[in-house]
Amino acid sequence: MTKLLERAIAKVRTLSEDDQDAIALAILSMADTEAPEFAIDDATRAAILEGLEQARRGEFVPDEEIEALWKRHGV
């Protein structure tokens, strides 16, 4: 296991069970293409990979936009 993956797993351990399960499903869907229960379509896989690339580049939605989204949905 790489150091980066070890860091990620350590961070995930601090999250709620629901968040851990969501991350586990994302990892399995990308890593285990043979398991139909975790299969995702090519468009979804491409969107996930693009989102990860955006995060690596530091391209995030401004906090103000996120707060407005939460407000619109009563969160």
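At a threshold of 4.5 Å between side-chain heavy atoms, the hydrophobic network of Ile, Leu, Val, Met, Phe, Trp and Tyr places V61 and W70 in one connected group.
Around CG of D41, the count of heavy atoms belonging to other residues, nucleotides or ligands within 6.0 Å exceeds 12.
Residue pairs meeting the salt bridge (charged side-chain N to carboxylate O under 4.0 Å, His left out) criterion with at least one partner in residues 51-73, sequence neighbours excluded, are E50-R57, E53-R56, R57-E59.
A side-chain contact (heavy atoms from CB on, under 4.5 Å) with I23 holds for exactly one of V12, D18, I9; it is V12.
Contact detail for D19 and L15: the closest heavy-atom pair is CB-CB, 3.9 Å.
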